[in-house]
Amino acid sequence: MTDEATGATDVAEATGVADVVGVWRLVSFHTLDEHGTVTPGPLGDDPVGLLFYTPDGHVAVHMTSAAGPPPYLSYAGTWHREGDRVVHHLTVAAEREWIGTDQIRRLELDGDLLTLTGTSLSTQDRRVLVWQRLAPSG
């Protein structure tokens with residue numbers, strides 16, 4: 001179905017991003033060190049968050065610890081897909097030094113699960129985030 005005003009679905013299909021577009025709930029967030037040891041990510045054992053991908057190329061991510069702030073990770077900007085990678089170009093961020101950077105993540109889709117793997121801007125650790133697609137509301 002296409003949004004008549006924006007042609008959003010047509011854009012998503014034409015650019016190969018239709019399978020990623022939507023709202024995703026954070027399932028897990030952990031860190032891998034250089035030896036492959038898995039530890040909780042910067043938000044602890046039970047993080048919560050939402051990831052929004054629009055068909056016209058906008059992205060927003062909001063994550064926090066379920067135990068409450070701090071810490072809090074948040075950014076927004078534009079995105080595009082390059083095969084098995086997704087690139088987030090940050091135009092707004094909770095951390096000022098992130099603005100203007102490109103966040104490149106390896107992307108894996110398995111049904112309604114989306115796994116994004118990349119490198120932390122702050123520590124250079126490998127981060128693995130698993131997201132579950134939310135059903136459309138309404």
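None of the values given here were measured: they were computed from a predicted structure. Counting from 1, the numbers follow the sequence of the chain as shown.
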Testing L26, L129, V59 one by one against L51 for a side-chain contact (heavy atoms from CB on, under 4.5 Å), which residue passes? V59

Pick out which of D46, V48, L73 makes a side-chain contact (heavy atoms from CB on, under 4.5 Å) with F29. L73

Would you compute the distance between atom [atom1] of [X] and atom [atom2] of [Y] and round it to the nearest 0.5 angstrom?
| X | Y | atom1 | atom2 | answer |
| --- | --- | --- | --- | --- |
| T117 | L107 | OG1 | CG | 9.0 Å |
| D125 | L32 | CG | CG | 9.0 Å |
| W79 | H58 | CH2 | NE2 | 12.0 Å |
| D110 | Q132 | CG | CD | 11.0 Å |

If hydrophobic clusters are built from ILVMFWY residues whose side chains come within less than 4.5 Å, do L114 and L50 share one? no

Going hydrophobic residue to hydrophobic residue with side-chain gaps under 4.5 angstrom, can you get from L116 over to L109? yes

Applying side-chain hydrogen bond (donor to acceptor under 3.5 Å, both in side chains) as the test, list every pair that has at least one member in residues 85-94; sequence neighbours left out. Y53-H88, Y75-H88, E82-R85, H89-D102

May I have the step-by-step check of side chain to side chain contact (heavy atoms under 4.5 Å, CB included) for M63 and V61, ending in yes or no? CA-CA 7 Å; M63 298 179 291; V61 180; 3.9 Å; yes

Taking all non-hydrogen atoms of both residues, which atom of [X] and which atom of [Y] are closest, and how far apart?
| X | Y | value |
| --- | --- | --- |
| L113 | W24 | C-CZ3, 4.1 Å |
| S74 | W98 | O-CZ3, 4.5 Å |
| P47 | G44 | CD-O, 3.6 Å |
| H30 | T39 | CB-O, 3.2 Å |
| T31 | P42 | OG1-CD, 4.4 Å |
| L43 | P71 | CD2-CG, 3.5 Å |

Can you tell me which residue among R126, R105, Q103 is in a side chain to side chain donor-acceptor pair (under 3.5 Å) with T119? R126

Answer yes or no: are there more than 12 heavy-atom neighbours, outside D33 itself, under 6.0 Å from its atom CG? yes

Would the distance check show the side chain of R106 and the main-chain N or O of V86 forming a donor-acceptor pair, the cut-off being under 3.5 Å? no

What I want to find out is whether R133 reaches D19 closely enough, with some N-O distance under 4.0 Å, to be called a salt bridge. no

